[in-house]
Amino acid sequence: MMSRSLTLVLWVAMTLLVGCGKKPTPTSYAQAIHHYEAGEYALAIACFNRAAKEDPKNPAIYGNRGNCHSLLGDLPSALADYDRAEALALQFTGNPNDARLAYIHYNRGAAYDHAGKVAEAIAAYEKALATDPEYPDVKNTLAWIL
């Protein structure tokens with residue numbers, strides 16, 4: 001039998017990497033991802049809001065909703081969602097240097113970058129790089145911004 005901590009780590013890994021949590025319903029997480037991938041960010045946010053009510057401790061919901069807010073130019077809402085996603089993930093990992101958190105740091109950097117806040121973007125990208133030196137695109141993105 002797996003230990004509780006190993007079970008939690010595996011659950012968080014799946015949640016952060018593929019957005020697992022409770023089984024998605026057609027009107028919540030799965031629908032949100034559909035709209036997100038179609039570039040329908042306002043619709044995706046509405047679905048992520050429903051998904052958050054169904055599964056309020058799933059960090060992937062908040063991280064992906066943050067991406068939608070960022071792409072719509074709503075930096076404060078994006079940052080609030082990334083903060084929530086990080087806090088929830090930390091409840092499971094207990095490790096602020098867990099490599100899976102690089103996803104959140106990278107997307108926070110992208111939100112700052114889109115908003116023209118270069119210094120904040122650099123700091124977030126550097127945190128993503130420090131958390132996971134092999135995280136896709138972070139080195140290239142950071143190089144271009146510098």
Side-chain angles (χ1 to χ4, degrees), residues 2-24 28-37 39 41-146:
M2 281 194 267
S3 71
R4 177 170 157 68
S5 61
L6 179 57
T7 301
L8 288 173
V9 167
L10 291 174
W11 182 86
V12 169
M14 291 300 296
T15 299
L16 291 174
L17 295 176
V18 297
C20 294
K22 291 183 180 179
K23 185 177 178 183
S28 61
Y29 191 82
Q31 199 65 347
I33 292 298
H34 169 76
H35 290 301
Y36 176 67
E37 290 174 348
Y41 305 121
L43 290 172
I45 289 169
C47 293
F48 281 128
N49 290 343
R50 284 194 302 273
K53 289 178 184 175
E54 295 170 10
D55 190 7
K57 295 189 179 205
N58 183 339
I61 291 169
Y62 302 97
N64 287 317
R65 187 174 68 182
N67 292 343
C68 292
H69 285 300
S70 173
L71 291 164
L72 289 174
D74 184 356
L75 181 62
S77 294
L79 296 177
D81 274 344
Y82 296 138
D83 289 347
R84 179 76 175 140
E86 184 175 10
L88 287 170
L90 285 172
Q91 286 179 4
F92 293 105
T93 68
N95 179 3
N97 296 314
D98 190 299
R100 291 167 293 194
L101 295 175
Y103 166 82
I104 298 167
H105 302 312
Y106 180 82
N107 286 314
R108 185 180 284 125
Y112 279 127
D113 196 4
H114 292 150
K117 297 187 175 283
V118 176
E120 293 89 341
I122 291 170
Y125 288 141
E126 287 176 340
K127 191 167 185 179
L129 188 60
T131 306
D132 181 1
E134 300 305 316
Y135 189 81
D137 298 326
V138 72
K139 291 176 185 175
N140 186 52
T141 304
L142 188 55
W144 275 105
I145 201 171
L146 292 173

Check [X] against [Y] and note the closest heavy-atom contact, atom names and distance.
{"X": "Pro133", "Y": "Lys139", "value": "O-CE, 3.0 Å"}
{"X": "Ala78", "Y": "Ser70", "value": "CB-N, 3.7 Å"}
{"X": "His35", "Y": "Cys47", "value": "CD2-SG, 3.8 Å"}
{"X": "Ile61", "Y": "Tyr29", "value": "CG1-CD1, 3.5 Å"}
{"X": "Gly66", "Y": "Asp81", "value": "N-OD2, 3.4 Å"}
{"X": "Cys68", "Y": "Ile45", "value": "CB-CG1, 3.5 Å"}

How long is the span from the [atom1] atom in [X] to the [atom2] atom in [Y], to the nearest 0.5 Å?
{"X": "Asp113", "Y": "Leu75", "atom1": "CG", "atom2": "CG", "answer": "11.0 Å"}
{"X": "Tyr41", "Y": "Asn64", "atom1": "OH", "atom2": "CG", "answer": "11.5 Å"}
{"X": "Asp137", "Y": "Leu142", "atom1": "CG", "atom2": "CG", "answer": "12.0 Å"}
{"X": "Asn107", "Y": "His69", "atom1": "CG", "atom2": "NE2", "answer": "13.5 Å"}

Next on the checklist: side-chain contact (heavy atoms from CB on, under 4.5 Å) for Arg65 and Arg84? Distances and angles first, verdict last.
Outcome noted: CA-CA 11 Å; Arg65 187 174 68 182; Arg84 179 76 175 140; over 6 Å; no
Checklist entry - So Glu126 and His105, side-chain contact (heavy atoms from CB on, under 4.5 Å) or not? Walk me through it. => result CA-CA 8 Å; Glu126 287 176 340; His105 302 312; over 6 Å; no
Next on the checklist: Working note: Ile145 + Val118, criterion side-chain contact (heavy atoms from CB on, under 4.5 Å); need CA distance, chi angles, decisive distance, verdict.
Outcome noted: CA-CA 8 Å; Ile145 201 171; Val118 176; 4.0 Å; yes
Can you check whether [X] reaches [Y] side chain to side chain, under 4.5 Å on heavy atoms?
{"X": "Phe48", "Y": "Ile33", "answer": "yes"}
{"X": "Tyr82", "Y": "Tyr62", "answer": "no"}
{"X": "Leu71", "Y": "His114", "answer": "yes"}
{"X": "Leu90", "Y": "Leu101", "answer": "yes"}
{"X": "Ile122", "Y": "Tyr112", "answer": "no"}
{"X": "Tyr36", "Y": "Leu43", "answer": "no"}

Next on the checklist: I'd like to know if the side chain of Thr141 pairs up with that of Tyr106 as donor and acceptor (distance under 3.5 Å, no hydrogens or angles considered).
Outcome noted: yes
Next on the checklist: Under a 3.5 Å cutoff, is there a donor and acceptor pairing between the side chains of Asn67 and Tyr103?
Outcome noted: yes
Item to check | Any donor-acceptor pair under 3.5 Å from Thr131 side chain to Lys127 backbone | outcome: yes
Next on the checklist: Any side-chain to backbone donor/acceptor pair from Asp55 onto Ala51? Under 3.5 Å, distance only.
Outcome noted: no
Next on the checklist: As a quick check of understanding, evaluate side-chain contact (heavy atoms from CB on, under 4.5 Å) for Asn49 and Lys53, giving each step before the final call.
Outcome noted: CA-CA 7 Å; Asn49 290 343; Lys53 289 178 184 175; 5.7 Å; no
Next on the checklist: Does this structure show an ion pair linking Arg108 with Glu120, if we count only N-O contacts that are shorter than 4.0 Å?
Outcome noted: no
